[in-house]
Undergrad: 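Below is the structure I would like to discuss, written out as structure tokens.
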Amino acid sequence: MTPSEIERLAFDSDAVSAWARGSEHRRNWPVVYVLDSGDATNGASVYVGETVNAASRMRQHLASPAKAGFRSVRVVIDETFNKSACLDLESHLIRWLAGDGAFTVMNGNEGIVDAQYYERDLYREGFAEVFEQLRAEGIFQRSIPEIENSDLFKLSPFKVLTPEQAIAVEDIVDGLLEDLATGAASTSVIEGHPGTGKTIVAIFLMKMLAGAAQVVTPFDVGESDDPWDVLIVDETHRLNQRANQSSGINNKRFTAINERLFGVDDPSKTQLDWIRARSAHQIYLLDAEQTVRPADLPQAALRELVAHAQASHRRYPLTTQMRVRAGADYVAFVRALLRGEMAAGSRPDLGDYELRLFDDLGEMQREILQRNAEHGLARLVAGYAWEWKSNTNKDAFDIELDGVQLRWNSTTKDWINSRASIDEVGSIHTVQGYDLNYAGVIIGPDLRFDPATRRLFIDRESYRDKKGKETNKQLGIVYSDDDLLAFIRNIYGVLLTRGMRGTYLYVCDPTLRAYVASVLGPAGQG
């Protein structure tokens, strides 16, 4: 492909008229253009478009009051461009700009495409050159890897939706509009495994329905004075039932909200009941196999919620894997592995995805450091099988294995993006809902394997999360080892599905390690 050229001009009538008299490519050729309103450091905005007549399109924009604030335009011209390539470059630039965050992107969600076309891979190699030219002119502040590793990029509403995501969005919006017109209440459920893009759907819906939305906690909902028209609930499986909360203040808030909403402190009421009581329409996003603590909503409540949505034709299953490059089969494989259901040598074909078992933790740590240097976002994570000594003693080490000394996460807020995270180990409470390029997962002695029965079981004493196994005094529930096994299995299921490019694995229990090694076979040994 020939190198693309970027022509820059002032966004005014005289400049556009003079520019249009030049090359025919400015009047009759597929191009991509970028409008901007000035210095990105001063809250400027940007708009990306494509057209086959740049001169005419610029005149249309100049006549539009919505574009009055733009000051300059850059037109990307390439002898090899066609309509499909331009649509693709337009979509890439919109997503990169939204992820970069320097400019406010004025485009709507429509027009974001990911269609196949002739020599698409070759064209996309050239997109990186266009990006670098625009970056040199101040349109981008960060590199492509930095942008694509950011949460702003991953959670941007400017996404290409899969067909099933698009169907869910369209049906939900159409249904909401009908219900709002008639005054009927509604409940919708979007259900999917890790990496199927539930949060992307939620953000897309928020942008479509409101343009901007307020993010609130379940406690905020319960304490609000005014009812909500629509609540979109991400990670519904992490809503709480009545249980000992993380602080005494939240225990008091739970009681007060129940009394306020239901007239009495009914222990059977959950945060799900608060949401139902305070909103007319709810959109729930959930995966029942990601409940990781006794305080989370019980499985029965989640099944009832899904069944209710199913009965009203408002359940939308997502199956296309968007995170893990091994595809949808990987999540099913991980969950079957953790149930002890995989036979020796039954590892599926994972393509280029790296799934490796290590016998030495130091070697796995070195590999994670190398992957982080190459791609970024490579981290060590582990089950909660070691006490958090370093929380109170900064000189203490929490995990000591194979001569390696490690500390738990030094922060619980946005740990993955914190400066110290590459040298620490994250717990389930720091990584659930996040993406990594590579995850180095340590399965602690809390999860074990009986080769005679081929069953996984837990070592209760080795499970160090106190709130993960405490008795629920409010509801009179004592959690059995089988109950805890379900939570711990879900924890490791979440940890093992964080890595987009690969997952490295170290297993403490020798018999569990032997079982995993037999399943992965020689190709999976690190």
Side-chain angles (χ1 to χ4, degrees), residues 217-220 222 234-258 265 267-274 286-302 338 381-393 396 398-399 407-415 424-434 441-447 457-495 498:
T217 69
F219 285 103
D220 294 330
D234 199 10
E235 304 273 335
T236 302
H237 42 272
R238 297 307 313 275
L239 291 175
N240 279 190
Q241 61 179 322
R242 187 62 177 272
N244 189 21
Q245 298 295 304
S246 58
S247 69
I249 292 175
N250 281 345
N251 281 323
K252 293 178 181 178
R253 292 173 77 189
F254 216 111
T255 298
I257 290 171
N258 275 353
D265 180 22
S268 70
K269 297 297 185 182
T270 69
Q271 290 180 339
L272 179 62
D273 293 303
W274 301 353
L286 63 88
D287 177 8
E289 292 191 57
Q290 290 194 58
T291 55
V292 297
R293 268 184 170 177
D296 293 345
L297 282 181
Q299 294 286 317
L302 293 171
L338 293 171
V381 296
Y384 209 153
W386 293 270
E387 291 184 19
W388 193 7
K389 299 175 185 176
S390 61
N391 189 37
T392 54
N393 180 3
D398 303 304
I399 301 172
R407 293 187 176 95
W408 280 120
N409 45 276
S410 55
T411 181
T412 56
K413 184 177 180 180
D414 197 25
W415 169 76
E424 299 174 343
V425 181
S427 74
I428 182 65
H429 307 303
T430 63
V431 301
Q432 193 162 20
Y434 280 87
V441 181
I442 305 171
I443 296 184
D446 54 338
L447 189 62
F457 65 97
I458 66 158
D459 180 344
R460 182 182 283 261
E461 183 61 29
S462 295
Y463 184 45
R464 302 293 184 170
D465 189 347
K466 294 179 181 177
K467 293 212 172 289
K469 60 182 178 181
E470 68 182 359
T471 297
N472 188 322
K473 296 179 180 178
Q474 288 86 348
L475 298 177
I477 301 173
V478 177
Y479 292 97
S480 68
D481 283 0
D482 284 341
D483 294 326
L484 293 186
L485 175 62
F487 292 126
I488 292 171
R489 206 157 36 196
N490 286 356
I491 287 170
Y492 285 116
V494 171
L495 298 180
R498 297 303 94 190

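What you are looking at is a predicted structure, and each value in this text was computed from that prediction instead of being measured.
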Undergrad: Run through Leu485, Asp483, Asp482, Asp446 and flag the one making a side chain to side chain contact (heavy atoms under 4.5 Å, CB included) with Ile458.
TA: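 Only one of Leu485, Asp483, Asp482, Asp446 forms a side chain to side chain contact (heavy atoms under 4.5 Å, CB included) with Ile458, namely Leu485.
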
Undergrad: Give, for atom CD1 of Ile443 and atom CD1 of Ile491, the distance between the pair rounded to the nearest 0.5 Å.
TA: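 If we round to the nearest 0.5 Å, Ile443:CD1 and Ile491:CD1 are 11.5 Å apart.
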
Undergrad: In Å and rounded to the nearest 0.5 Å, what is the CZ to OG distance from Arg464 to Ser427?
TA: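 Here the interatomic distance stands at 15.0 Å.
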
Undergrad: Are side-chain heavy atoms of Trp415 and Glu424 found at a separation under 4.5 Å?
TA: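 Heavy-atom side-chain distance check passes, below 4.5 Å.
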
Undergrad: Got Trp388 and Asn409 here, is their nearest side-chain heavy-atom distance under 4.5 Å?
TA: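 A side-chain contact exists here, since the closest heavy-atom pair is under 4.5 Å.
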
Undergrad: Rounded to the nearest 0.5 Å, what separation is found between the OG atom of Ser480 and the NZ atom of Lys469?
TA: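 Reported value, rounded in 0.5 Å steps: 14.0 Å.
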
Undergrad: I need the Asn391 CG to Thr412 OG1 distance, nearest 0.5 Å.
TA: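 Between Asn391 CG and Thr412 OG1, I get 9.0 Å after rounding to 0.5 Å.
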
Undergrad: Restricting to non-hydrogen atoms, name the atom on Gln474 and the atom on Arg242 that form the minimum distance, rounded to 0.1 Å.
TA: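 For Gln474 and Arg242, the tightest heavy-atom pair comes out as CB-CG, 3.7 Å.
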
Undergrad: Is it the case that the side chain of Arg498 and the backbone of Gln432 share a donor-acceptor pair, with hydrogens and angles ignored and the cut-off at 3.5 Å?
TA: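 Not a single qualifying donor-acceptor pair exists.
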
Undergrad: Does either side chain, that of Arg253 or that of Gln245, offer a donor lying less than 3.5 Å from an acceptor on the other one?
TA: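 Absent: no donor and acceptor within the cut-off.
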
Undergrad: Indicate yes or no: at least one non-hydrogen side-chain atom of Thr270 is less than 4.5 angstrom from one of Leu239.
TA: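 Answer no - side chains too far apart.
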
Undergrad: According to side-chain hydrogen bond (donor to acceptor under 3.5 Å, both in side chains), who are the partners of Asp398, at least two apart in sequence or on a separate chain?
TA: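 Applying side-chain hydrogen bond (donor to acceptor under 3.5 Å, both in side chains) to Asp398 gives Ser390.
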
Undergrad: Looking at Leu484 and Gly468, what are the two nearest heavy atoms and their distance?
TA: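 Answer, listing the atom of Leu484 first, then Gly468: CD2-O, 3.3 Å.
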
Undergrad: Between Tyr479 and Glu470, what is the shortest heavy-atom contact and its length?
TA: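 Heavy atoms of Tyr479 and Glu470 come nearest at CD1-O, 3.6 Å.
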
Undergrad: Is there side-chain contact between Trp408 and Ile399, with heavy atoms separated by less than 4.5 Å?
TA: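 Contact flag for Trp408/Ile399 side chains = yes.
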
Undergrad: Does a side chain donor of either Asn258 or Thr255 reach within less than 3.5 Å of an acceptor in the other side chain?
TA: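 Their side chains do not contain a donor-acceptor pair, so the 3.5 Å distance test is not met.
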
Undergrad: What distance separates Ile488 CD1 from Asp459 CG, expressed to the nearest 0.5 Å?
TA: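 Nearest 0.5 Å value for the CD1-CG distance: 9.0 Å.
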
Undergrad: For the backbone of Leu297 and the side chain of Gln241, can you confirm whether one donor and one acceptor N or O come within less than 3.5 Å of each other?
TA: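 The answer is no, because no donor-acceptor pair under 3.5 Å joins these two groups.
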
Undergrad: For residues Asp481 and Tyr463, is any side-chain donor paired with an opposing acceptor at under 3.5 Å?
TA: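 Their side chains do not contain a donor-acceptor pair, so the 3.5 Å distance test is not met.
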
Undergrad: Taking Leu475 as the fixed residue, which of Pro298, Pro294, Pro267 is the one that meets the side chain to side chain contact (heavy atoms under 4.5 Å, CB included) rule?
TA: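 So the option named by the test is Pro267.
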
Undergrad: Side-chain contact test, heavy atoms from C-beta onward, threshold under 4.5 Å: evaluate it for Leu495 versus Ile428 and give yes or no.
TA: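 A side-chain contact under 4.5 Å exists here.
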
Undergrad: Using side-chain heavy atoms (C-beta onward) and a distance below 4.5 Å, is Val292 in contact with Arg238?
TA: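 Counting from C-beta outward, Val292 and Arg238 do come under 4.5 Å.
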
Undergrad: Which distance, rounded to the nearest 0.5 Å, do you find between the OG1 of Thr291 and the CD of Gln299?
TA: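 So the OG1 of Thr291 and the CD of Gln299 are separated by 4.5 Å.
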
Undergrad: I'd like to check Asp265 versus Phe254 (side-chain heavy atoms, cut-off strictly below 4.5 Å). Are they in contact?
TA: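 No, too far: nothing below the 4.5 Å cut-off.
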
Undergrad: Counting heavy atoms not belonging to Lys252, are there more than 12 under 6.0 Å from its NZ?
TA: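 Check fails, neighbour count at 12 or below.
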
Undergrad: Determine the minimum heavy-atom distance between Tyr492 and Leu447, stating which atoms define it.
TA: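 In terms of heavy atoms, the two residues are closest at CD1-CD2, 3.8 Å.
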
Undergrad: Below 4.5 Å, heavy atoms only, C-beta onward: do Asp287 and His237 meet side chain to side chain?
TA: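 SC-SC contact between Asp287 and His237 confirmed.
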
Undergrad: Using every non-hydrogen atom in the two residues, find where Asn490 and Ala288 come nearest and quote the distance to one decimal.
TA: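 Asn490 and Ala288 have their closest heavy atoms at ND2-O, 4.1 Å.
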
